[in-house]
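First comes the structure, then the notes that go with it.
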Amino acid sequence: MPSVLEVTNLKFFYRTIAGVVRAVDNVSFTVGEKETLALVGESGCGKTSLARALMRFLPRNVAELSGSIKVDGIEVLDMDDSEFDRKIRWRKITYVSQAALNSLNYVMKVVDHLIEPLVLHYGMRREVAVEKARDIIVKVGISEDFLYRYSFELSGGMKQRVVIALSLISNPRIVILDEPTSALDVMTQANIMNLLKELKEGLSVSYIFITHDIATSSELADKVAVMYAGQLVEYGPAEKVYVDPLHPYSKGLLSSIPRLRTDTSLTPIPGSAPSLINPPKGCRFRPRCPYVKPVCEEEPPHITLGSEGYVRCWLYGSR
Amino acid sequence: MEVGSTSSISGMSDLLVVNELKVWYPIRKLFSIVGYVKAVDGVSFTVREGEVVAIVGESGCGKTTLAKAVTGLVPITSGNIIFEGVDITRLPGRTIREWYSRKVGLIQQDPYGAMPPFMTIRAILGEPLKIHRIGREAYGKEVYTALTDVGLTPPEDYVNKYPHMLSGGQLQRVAIARALILRPKLVLADEPVSMLDASLRVEILSLINELRVKYGLAIIYITHDLATAKYFSDRIVVMYAGQLVEIGNAKDIIKKAMHPYTEALINVIPDPDPRNRLIIRKTLTGEPPNLVRPPPGCRLVPRCPYVMEKCRTVEPPMIKVNELRFVKCWLYGS
Amino acid sequence: MSSAIAIRRTMLRHKSLLAGTSIITAFIFISIYAVVGIPYSEAVRMWNTLDYWEDNPKLAFPSWLNAFLSKKLPETVILSSTDGGVKVRQLLPFGGGVYIRVEISFNYEYDDFPSEVVLRLYASNLRTALVSLTWIKPDGGEFIVYEETISSEYRYYSISADRRFQTQYIKYVTEKLGESPSYDISPEIALFANEGRSILSPDTKEVLKGRYRAVLIFRSSNSEADVDVKLSIYGKVFGLVGTDHKRRDLWLAVIWGTPIALAFGVIASVVTVFLEMIVAALSAWYGGLVDHLIQRINDVMLVLPFLPILLMISYFYRLTIWTLLIVVVVLSIFGSGIKVYRAMFLQIKEMPYIEAARAYGASNSRIVFRYMIPKVLPTSIPNIVLSVPSYVFLEAVLALLGVGDPAAITWGKVLEEAFTGGAVYRGYYHWILAPSLCLVVMALGFALIGFTLDKIFNPKLREV
C-alpha cells in the first residue's frame, strides 16, 4: 500500500517560562491510502501537538521542529509557510479539532461555510462551489434543505456533520480528527462514527484519529499508535495492538477500560504521566511500569515488529 | 406507588424514595407563563442504604435535573422525595440547609469549575465544616483525613495549593473529599468521570467505591456510559426524555436489555476490538423529543425500531417484569 | 519572599507599572510629609489667615524661573528698624516730645522693579505724631514720599497704592527732564528707576542699582512715644510654586492638596466599586423582585444627570469635602457599573462551584460574600485604580463650579481662585500650573498602574 503520509523522527519542542516542552519527541509512523491511524494517549501526552505540527499550526515559541514529514512522497518540512499553505494545508491535510463544533459562525448559512474555502482558495465560481457543497452535504447524511439554514438551527450532531463536510470538501488525502466526538452524546457519537466509516469507503481518504479513549479508537483504527509522554511507545496494526498489546502502557490502557460485553477485571495504571519538560531518563513509563528492571534507565530500543510497527520497550530487546 | 422498591425482599431499608417526581421549568414571556420544560416528568425510584444506583441517559434527558432535585437545589413541581422517612419537599429551606445538606453529598462533572478558584484546598475542604460549625480543633484534622482518604498524600503537600495547580484527576479527588467530609449517607455523583481521561476513570470510580464501603454510603451515579455503570453500580435506572424507561439489576440490564432505548444505548458503546471498524452500529436516528411538548404516547416513538400503533397514542405504564425488573414499553405488556 | 520576587519581576516586565507606582509612591510620601509636618486644622487656619502671609509678595512666580531668565526678577526684601535699620531717638527739650529718626539702607541689585512697596508702622504711646518718609537713591537724588499725621498705633501704608505720590512724581520727572513720560509711572518704578531720559518710556525704563536709603522721621508731642518700622519691598518671585493673590504660598496647597486628593479619590473609588459589587451581586443572586427593584432604581439613576444633582444639593446644603464624598459615592453607586457587575455575577451564579456550595449548605449571604464577590475582585482592581483619578478630577471640577468646601485646601479650590482671579488673561500661569500639573500627574500615575493591572488581570488583553 503506498503511503500518503510518512513521518520520520519528528521532533516538535516549544519553549515556556518553565523550560522546553518536548511535546513530540522522535515520532515515526506512516499512514497508507484509505487507512486510519488511531493516535491514543492520555491528555497532555502530545497528541494535539503532533496534529499541530502536521498542520503547521505553530505557536510563536517553537524551540525545535525537525525530522521529516512526507505527504504523497513530498517533503513538507522544507516548504516555507506560503508554499505549505498553497499546496498542503486544507488541500492535502485537513483538521477537525475538538472545538470545531463551536467554531461555526452563528450568523452564516451552512452553504456559506462550505463554499468559502472553495471560492476563496481555489477561485471556484460560486455556482460550481454550491453544487459541490450540495454533493458533500448529502454524503455526510444531511438533507439538502439544511444548506440554507443557519448553524444555530442545527443540533450538535448536525453541526459535527457540517464540520466533517467542511473537512472533506477540498478532497483531502488525510483528515486529522482530533477528539471529534468527545463533546457529543453517546448516540450521536455512534452515528458520527458510522458516518466516518461509510465516508472512508466512499471517498478515498485516510484518517488520523486522535483520542484518549482506546475503546472509541477501535471504531476506526486500521493501525494504532500509542503515545506516551511525547513518544510513540507502541505502533502496529489494530488486530495486534487491541488483542495482544506488547508495551506495558498499552496493556495498562486496555486493562483500565471497562468493557460492556466481557467481564474482565479492571486495573488502573498507577501514578500519573510525567512532565514533558523534564521526563524521566531512559524509558519514560519506567516510574509507573509493573515490569520495570534496571536496564530501563537507559533509552529503550525500537523493536521492529513485522512489516511495519514497533514497540519501544526493554522487555523485547536483547541486552 | 413505589416502583422499583425492593425493600421487602432484601430487608434493607429504603434510604431515599423518589415518588412521581416532576420538575417543570416555566417558560416566561413578559409576565405570563406560556409553557413548561418538563425536565423530569413523573419519576419514581428508590435507593437503599449502601447501594449504588446508576441513572443512565443521554444529555438533556433530565438526569442532571433529577440529581439537583434530589440534592434540594431546584424547586419541585410535584411528587415527593422521602429521605430517611422525611419528605424533603415539605421542609423549609433552612432545614434543608442545616440538616439535609449534611446528609447528601454532591460530586460534579467539571472538576475545574467545581472549585472556587480563589480558595486553597484547605479552605475549600474547610467550608462545609465551617458552615456546619464543626469544632475548630477538629477542623484541621478532618481536612487531613479527607485528603488522605482520597489518596492525596501527604496532605500537607496539597492543603496550601490552589485549584489551578492540580490536575483534573487530583481536583476530582478533592471534590470527592469535599462531598464526603460531612459524612453524608447519600452521594450524588453527576457524571464524575466524563471529563477525565479514559484511563483515569476507573481509578476515580474505584476510589468512590472504596469510600462507599468504608463509610457505608449510598450512591446515585449519574452517567451516559453504561460500561462504567455496569462495573460500579448495583442497579441501573435508564432515563429517556424526563422519564424512567427501565429499572433493573445492573448485570441483568447489560445482559439483556428489554427497552428498545436501553438496547440502543448498549449497542452504541464500543469495547476495544479491532473488528469494530468493520461494522456499522445499530443506532437510533434523530434527536430526543422536545420536552415542552413531548409526544402523546411513548416518547421514543419517532426513533423506535419496534414502534406499534398503540405506542403512538397511549403512554405505556411501568410494567413489572419481576420483583427487580421494570420496563416502560408496550412490547412487554398488553 | 517569593511574592516579593514575583512583584519585582512583574514590575520589570511592565515598565509602565513601575512608572505609575513611582509617581503614586511620590504622592504618598508628599502626603505623609504634609500630614506629619502640618496638622490639618493648623494648615486650614494658616491658609485662611491673611496676616500670616504678609511678608510674601502677591502673585509671585516660582523662584526657579530666574534660572531661565536673563533679566533676574527681584526677590522680596523685608527691612525693619531693628533689622538692617538704624534708629535714633531724641527727647526734645522743654517736654516738647520725642524725635525719632529711622534710617534703613539696603542694596538693590535686581534687574526688575519690585512688585509692591509697603511701609508698616507700629507705634506706641502716641497721641498724635507727624511722620515723613524720605527716599534717597544711590545717585543722591532724594524726595519725600510720604508725610502725614497719624493717630493710630498701627499704620499700613502702601506706597504702591499712593496716587498722590504718583502724580507728584510724574510732575517732578516732567520738570526735571523737560518732557512728560509716555505712561503712568507707578510708585515702584518711581522709587527704583534711573531718572535719566530712559524713564520716559515704559520700554526703556531701567533699575538704578546700588545702595538705597529710606529715612523715616517721627515726631510726637508725647515723650513716651516710640515707633518701629517695617519696610517691605515685595519681589516678583517666591518659593517653589509661587504665591496667589492673597500672598499665600501655593506650596502649602500643593502639599496639603495631595493627601486630600488621594483620600478623596481612593475612598470614593474603593467604596463605590465595593458597594456596586455588593448591590450587583445581591441583584444577580436573589433575582426576581429584588433584581427587578434594583435594576429599575438603577435605570432611573442612569438617566438622572449626575452633575446638576450635585450642584443642586450643594446649593441647599453647605458641603464639606467629606460630606461631598458621601454624596458623590451615593450618587455613583447606581450606574453602568452595576449593570456590568450584574452580568458577571449572573455568569458566576451558574458556575458549578456555587452549586456545590449550595449543596453543602452555604447560606445566601455566604454565597454572595464568600463565593461570588471574591471571584470578581481581581477583575475589579484595575477598575478601582482607573476610577481614582476621575473622582480626583470630579472634586476639582466641583470646586471650579463653586461647589467645593470653602475651608478645605484642595487643588480644585486653588484652580477656582485662579480662575476667578483671572490668572489666565493676566498671565499668572504658575497659579494654574501647580495644581493642574498635580492633577494630571496623579491621574497619569493611576492610569499607568490601572492599565497595566488590567493587562495582567484581564486574560483577554494578556499577550500570548
Side-chain angles (χ1 to χ4, degrees), chain B residues 28 31 64 67-68 70-74 93-119 123-134 163 171-172 174-184 186-188 190-192 195, chain C residues 1-3 6 273-274 277-278 281-282 284-293 295-296 341 344-382 384 453 456-460 462:
Chain B
R28 280 176 222 273
F31 299 106
T64 295
K68 284 188 187 178
V70 171
T71 330
L73 294 178
V74 289
R94 198 179 170 82
T95 318
I96 298 241
R97 273 209 306 275
E98 287 173 3
W99 171 73
Y100 189 60
S101 69
R102 289 186 70 159
K103 298 285 187 176
V104 177
L106 176 67
I107 304 169
Q108 294 150 300
Q109 179 176 13
D110 171 9
Y112 295 95
M115 301 292 151
F118 44 83
M119 287 189 192
I124 289 170
L125 291 177
E127 277 291 294
L129 299 175
K130 275 191 206 157
I131 289 164
H132 293 280
R133 305 204 165 72
I134 310 274
L171 279 181
Q172 202 56 298
V174 176
I176 294 168
R178 181 174 65 182
L180 296 185
I181 204 159
L182 294 171
R183 301 281 168 268
L186 174 68
V187 169
L188 279 107
D190 185 3
E191 303 259 15
M195 284 184 71
Chain C
M1 253 338 263
S2 61
S3 68
V273 171
F274 267 87
M277 263 198 290
I278 290 170
L282 293 174
W285 177 249
Y286 286 101
L289 206 60
V290 176
D291 188 31
H292 240 282
L293 198 71
Q295 291 313 309
R296 291 304 78 78
Y341 285 124
M344 289 165 115
F345 283 126
L346 282 176
Q347 259 181 30
I348 291 168
K349 186 185 171 184
E350 299 302 325
M351 285 186 165
Y353 80 88
I354 302 283
E355 188 183 274
R358 286 183 63 202
Y360 55 66
S363 63
N364 287 326
S365 61
R366 194 176 187 89
I367 286 177
V368 168
F369 290 100
R370 289 272 298 156
Y371 291 79
M372 289 171 60
I373 290 176
K375 177 85 170 91
V376 169
L377 219 51
T379 48
S380 72
I381 287 172
I384 294 178
L453 287 181
I456 295 169
F457 282 119
N458 195 340
K460 273 175 233 150
R462 202 178 286 164

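Every chain is numbered from 1 and lettered A, B, ... according to where its sequence line falls, protein lines coming before strand lines.
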Tell me, please, which residues at least two apart from B:R28 pass salt bridge (Lys or Arg N to Asp or Glu O under 4.0 Å). none
Are any of the side-chain heavy atoms of C:M351 and B:M115 separated by less than 4.5 Å? no
Pairing residues for C:Y353 by the ring-ring contact (aromatic ring centres under 6.0 Å, His included) criterion, not counting sequence neighbours: none
Can you tell me how far apart CD1 (B:I131) and CZ (C:R366) are? Round to the nearest 0.5 Å. 4.5 Å
Top of C:S363, C:A357, C:G361 for chain B proximity - count of heavy-atom pairs under 4.5 angstrom: C:G361
Can you check whether B:L73's main-chain N or O pairs, donor with acceptor, with C:R358's side chain at less than 3.5 Å? yes
Can you tell if the side chain of C:K375 reaches within under 4.5 Å of the side chain of B:P117, non-hydrogen atoms only? yes
Check: B:H132 side chain, C:Y360 main-chain N or O, donor-acceptor pair, under 3.5 Å: yes
Just to be sure I understand the criterion: a residue of residues 93-105 of chain B counts if one of its heavy atoms is under 4.5 Å from a heavy atom of chain C. Which ones qualify? B:R97, B:S101, B:V104
Once side chain to side chain donor-acceptor pair (under 3.5 Å) is applied, do any residues pair with C:K349, and if so which ones, sequence neighbours excluded? none
